[in-house]
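Protein chains get the first letters and strands the later ones, always in sequence-line order, with residue 1 at the start of each.
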Number of protein chains: 2
Amino acid sequence: MWREMTTVGNPSEKHKLQRLSLPEALAASLRERILNGEFQPGEALVQEALAAEYECSRMPVREAFRQLEAEGLIETKVHKGAFVSSISPDEVMELFELRALIECDLLLHAIPKMTAADFIACQEILGELERVYTEREMARWGSLNAAFHRRLLSPAERGQSILILGGINLQVERFVRLQLLLTEAFETAALEHQQLLVLCRARDVEQAIPYLRDHILTAGRELVAAMKSKRKF
Amino acid sequence: MWREMTTVGNPSEKHKLQRLSLPEALAASLRERILNGEFQPGEALVQEALAAEYECSRMPVREAFRQLEAEGLIETKVHKGAFVSSISPDEVMELFELRALIECDLLLHAIPKMTAADFIACQEILGELERVYTEREMARWGSLNAAFHRRLLSPAERGQSILILGGINLQVERFVRLQLLLTEAFETAALEHQQLLVLCRARDVEQAIPYLRDHILTAGRELVAAMKSKRKF
DNA sequence: TCGCGCCACATTGGATCCAATCAACATTTT
DNA sequence: AAAATGTTGATTGGATCCAATGTGGCGCGA
C-alpha cells in the first residue's frame, strides 16, 4: 500500500525521474501520517514498531527520522527516541506572516512574467481544488492549495524562495488540515483564489499584492483562532 | 580534535545542555569542513573513507549524510553516493534578497523592543568581530557576523523567522568565506554595522530599515560579482 | 580499429547483532 | 511509611555482515 510511492513519477517534471531510497520513501510516508494527524504532537515514534509495520529493519527508520528531524517535523532526544514536534499558535501565526512576506515578494516578481499558459495551469488547479472540496478530501486539498500558490508564483523563477516556502508550508500543513475539518474556510479560499487570479491577469500589482497578503494573513488568523479555541494543541 | 564539540556548551544558554549523538557530531564536523571549502562543490563524499577518518563505522556517517542533505549542503543519489551540492551565483543573489526581505521585517519588529542590554550585547559582538578581523580568521568572522545579525534581531522574538534565516545563511556561508579571502569587504561591513546600531539606538526605523536592506544587498552584489569573475564555482 | 557486451570490483543499501543508556519497579534503609 | 538505591527490562545507538547496484575494464566481434 505505501509501496506505491517508492518512485515518485511527477509527469510535469521533464523526464527527471527520481528514485527514492527506502529511508526516503519511509520519510515520505511518515511525513504524510504526521500531517494527517495520525501521529499527534508529542507522541513518541518507536523505531521497532515502525520497522515491524513497514516490514524492514530499524536502520531505514532511523535514517528517515534524521530527515524528518531536519525538516522540523519530529525532535529526537539521544537514547530517548523521536517525538512529533509541537508548535504554538503564536509560532503558526509567525509562519503565516513569513509566508505572506515571501509570497508577496514572489508575486511581485511573477506578475510581469506570467503567460497565458500560466493562467490556464492555475485555473486548472483551481478546478481540481473545487472538485476535491466537494468530496471533502482535505489531505489532497492541502497539497493542491500549496500547488496553486506554487504554480501562481513559479513565473518568478525563484527556486530558492519556493524551496523555503515549501518548508514553511510543511510546518503549518497539519494544522491547516485540522482546521479544514472544523471550519468552512474552503469556500472563502476558493473565491479569493479566483479573484486573485483575475487581478493577476489584469497585471494589477497594486491590488494583487495586498490581496494576496490579506488572503494569507486572514487564513492564518482564522486558523490560529481555531487552534486557541479548541485547546487541542 | 573534532571530538571537542561532542557536547556544545553554549554558556549564554540557561543550563540547557544538549548532548549530541555521534551522527550529529559528525554532521557538525562535516558541515564545518564543507563551509570552509575543504570539500569543494561537486566533490564526492565516500562513506568508508570518512568512517575510517573519524574512526567509526559507516552507519553514523550515513545518518550524518541524511542530515546534511536535508540542510541542503549535500545531495545524495541512490547507490551512487553523496556529493557536495553546488549553487549558482544567481541563486546566491536570490538568497541574499530573501535575507534582506526577512531581516528587514524582523528589524521592524525588533527596534521598538530593543533595550539597553541589547545594544550592549551587539556592541560587544562588534568588538569581537573587529578583533577577529585583524587576525584574519574568517571562519570565525562568518559565524560572528551571523551572530551580530541574530542578536540585533532577537528582540523581535520571532524564533521561526530566525530559524529560516539560519538555513539561508548556511547556504551562502561558504561563498561568503571565500569572498572574504579575496576582498576587503570586512572594513565596509564593520562601518555599516556600527552605523546600523546607531540608527537602531535612535529608533530611527525610517532610516534603519533601508540601511539594513542596502547593507545586505550590496554585500550580496559584491559577493556575486566576485563569484562570477573568479569562475571557480 | 572501433563498438558492444560481459564480468569483476568497488561502493552503497539493508539486516542482524551487540553494547550503552534510560525508566520503572522492587528492595532496603532510615 | 517515605525516600533513596539497586536491579531488570525495554529501547536506542553503533558495529559488523551480507546483498544489491553501479562502474570500469577486458575481450570478443564486426
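Using a 4.0 Å cut-off between charged side-chain N and carboxylate O, Glu124(A) and Arg151(A) make no salt bridge. Salt-bridge annotation for Arg66(A) and Glu69(A): present, with a side-chain N of the basic residue lying under 4.0 Å from a carboxylate O of the acidic one.
Across the interface with DNA chain C, nearest-nucleotide mapping of Pro60(A) and Gly81(B) shows Gly81(B) to be the residue nearer the 5′ end.
For the helix from dT1(C)-dA30(D) to dT30(C)-dA1(D), the end axes, each set by the C1' atoms of five terminal pairs, are bent relative to each other by 10° (nearest 10°).
Glu63(A) has its CD atom 15 Å from the C1' atom of dT12(D), to the nearest Å. Taking atom OH on Tyr54(B) and atom C1' on dG14(D), their separation rounds to 17 Å, with Å as the unit. Across the protein-nucleic acid pair, Gln47(B) atom CD and dA20(D) atom C1' stand 14 Å apart, rounded to whole Å. Atoms CD (Glu24(B)) and P (dT12(D)) sit 15 Å apart, rounded to a whole Å. Counting to the nearest Å, the C1' atom of dC22(C) and the CZ atom of Phe83(A) are 11 Å from each other. At whole-Å resolution of the value, NZ in Lys77(B) and C1' in dG13(C) are 17 Å apart. Atom pair Arg66(A):CZ and dG14(D):C1' shows a separation of 12 Å (rounding to whole Å applied).
Put simply, CZ on Arg174(A) and CZ on Arg33(A) are 15.0 Å apart, with the number rounded to the nearest 0.5 Å. Note that CG of Asp90(B) and CZ of Arg158(A) are 9.5 Å apart. Values are rounded to the nearest 0.5 Å. The CH2 atom of Trp141(A) lies 11.0 Å from the CD atom of Glu130(A); values are rounded to the nearest 0.5 Å. A distance of 10.5 Å separates CD of Glu94(A) from CD of Glu157(B), quoted to the nearest 0.5 Å. For the atom pair CD (Glu32(A)) and CD1 (Ile34(A)), the distance works out to 10.0 Å, reported to the nearest 0.5 Å.
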*asked:* One character per nucleotide, please: for nucleotides 16-21 of chain C, 5' to 3', B when the base has a protein heavy atom closer than 4.0 Å, S when only the sugar-phosphate does, - otherwise.
replied: B----S

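Between the side chain of Asp118(A) and the backbone N or O of Thr115(A), at least one donor-acceptor pair lies under 3.5 Å.
Within the structure, a side-chain polar atom (N or O) of Lys80(B) is placed less than 4.0 Å from OP1 or OP2 of dT23(D).
Here the side chains of Phe39(B) and Leu30(B) are in contact, with some heavy-atom distance below 4.5 Å.
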